Trainee: 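What follows is a single structure, and I will ask about it in a moment.
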Amino acid sequence: MPGYGDSPPVDMVVTAQGRRAFLDHVLRQLGMQRPVLVSPSMSGRFALPFLLAHGDQLAGFVPIAPVGTKDYTAEQYQRVQTPTLILYGDRDTRLAPQALQNLQHLPEHRVAVLAGAGHACYLDKPEDFHQALLGFLRQLK
């Protein structure tokens, strides 16, 4: 992601509006139409502003203990009608509970908890992760 890790800093992603615009630009450049946005951890800073502004452009949203959930109100989340699978590992006792507390205000959500998995639940329990994800994808319109 721009501005993280060893990537060069990018002024555009300093604000939530800039991160939303960046993600919108990427999806448009890729020609994506109604994609499912999977958002683990740090990508929440990009995905959440996009979801709140353009959730109607997504077929689904899969937050995996994303950061930044506390930056938005219950009322903001309640306006989003995007089908959502809130997914996390039960051993992620720091970020996952906070994310769940905030994301549960999304009206079209369901929750999948991966037993024995930590913050990077998709690495800890890849088969369980893929089963949950594929089950969610199959029920989308």
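Given the structure is predicted, the values throughout are model-derived calculations rather than measurements. Scope of the values below: all heavy atoms of this structure, side chains included, with no hydrogens, waters or symmetry mates.
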Trainee: Using a 4.5 Å cut-off on heavy atoms from C-beta on, say whether the side chain of Val67 contacts that of Arg45.
Mentor: yes

Trainee: In sequence, state the C-alpha distance, the side-chain angles, and the governing distance for Leu137 and Val36, and then conclude on side chain to side chain contact (heavy atoms under 4.5 Å, CB included).
Mentor: CA-CA 8 Å; Leu137 295 175; Val36 173; 3.7 Å; yes

Trainee: Is there a path of hydrophobic side-chain contacts, each under 4.5 Å between heavy atoms of I, L, V, M, F, W or Y residues, that connects Leu51 with Leu30?
Mentor: yes

Trainee: Please verify the inter-ring angle class for Tyr122 with Phe129; under 30° counts as parallel, over 60° as perpendicular, anything in between as tilted.
Mentor: perpendicular

Trainee: Take atom CD in Glu127; do more than 12 heavy atoms of anything else shown fall under 6.0 Å from it?
Mentor: no

Trainee: Would you check if the side chain of Thr69 reaches a backbone N or O of Leu103 as a donor-acceptor pair within less than 3.5 Å?
Mentor: no

Trainee: Mind listing the closest non-hydrogen atom pair of Gln78 and Gln81 along with its distance?
Mentor: O-NE2, 3.7 Å

Trainee: Which pair of non-hydrogen atoms, one from Gly118 and one from Arg91, has the smallest distance, and what is that distance?
Mentor: CA-CB, 3.9 Å

Trainee: Going hydrophobic residue to hydrophobic residue with side-chain gaps under 4.5 angstrom, can you get from Leu106 over to Phe46?
Mentor: yes

Trainee: Among Leu100, Asp128, Asp90, Ile86, exactly one meets side-chain contact (heavy atoms from CB on, under 4.5 Å) together with Val113. Which residue is that?
Mentor: Asp90

Trainee: Between Asp71 and Leu48, is any pair of side-chain heavy atoms under 4.5 Å apart?
Mentor: no

Trainee: When you measure from the side chain of Arg20 to the backbone N and O of Pro49, does any donor-acceptor pair fall under 3.5 Å?
Mentor: no

Trainee: Where do Gln57 and Asp24 land on the side chain to side chain contact (heavy atoms under 4.5 Å, CB included) test, with the steps shown first?
Mentor: CA-CA 10 Å; Gln57 295 177 19; Asp24 186 47; 3.8 Å; yes

Trainee: With a 3.5 Å distance limit and no angle check, can you tell me whether His130 reaches the backbone of Pro126 through a side-chain donor-acceptor pair?
Mentor: yes

Trainee: Please confirm whether the backbone N or O of Leu58 pairs with a side-chain atom of Arg34, one donor and one acceptor, at under 3.5 Å?
Mentor: yes

Trainee: Nearest 0.5 angstrom please: Leu133 CG to Gln131 CD, how far?
Mentor: 11.0 Å

Trainee: Do you know the tightest heavy-atom contact between Cys121 and Ile64?
Mentor: SG-CG2, 3.6 Å

Trainee: On a heavy-atom basis, which atom in Leu95 and which in Ala65 lie closest, and how many Å separate them?
Mentor: CD2-O, 3.0 Å

Trainee: Within the distance-only criterion (no hydrogens, no angle test), does the side chain of Thr84 pair as donor or acceptor with the backbone N or O of Thr82 below 3.5 angstrom?
Mentor: yes

Trainee: Which atom names give the shortest non-hydrogen contact between Leu87 and Ala132, and what distance separates them?
Mentor: CD1-CB, 3.6 Å

Trainee: Identify whether Met32 and Leu140 are in the same connected component of the hydrophobic contact network (ILVMFWY, side-chain heavy atoms under 4.5 Å).
Mentor: no

Trainee: What's the spacing between Phe50 CZ and Phe22 CZ if we round to 0.5 Å?
Mentor: 12.5 Å

Trainee: Distance check, rounded to the nearest 0.5 Å: Leu85 atom CG versus Glu108 atom CD?
Mentor: 13.5 Å

Trainee: With sequence neighbours excluded, tell me which residues meet side-chain contact (heavy atoms from CB on, under 4.5 Å) with Gln76.
Mentor: Leu52, Tyr72, Thr73, Arg79

Trainee: State, to 0.1 Å, how close Leu23 and Ala47 come at their nearest heavy-atom pair, and which atoms those are.
Mentor: CD2-CA, 4.0 Å

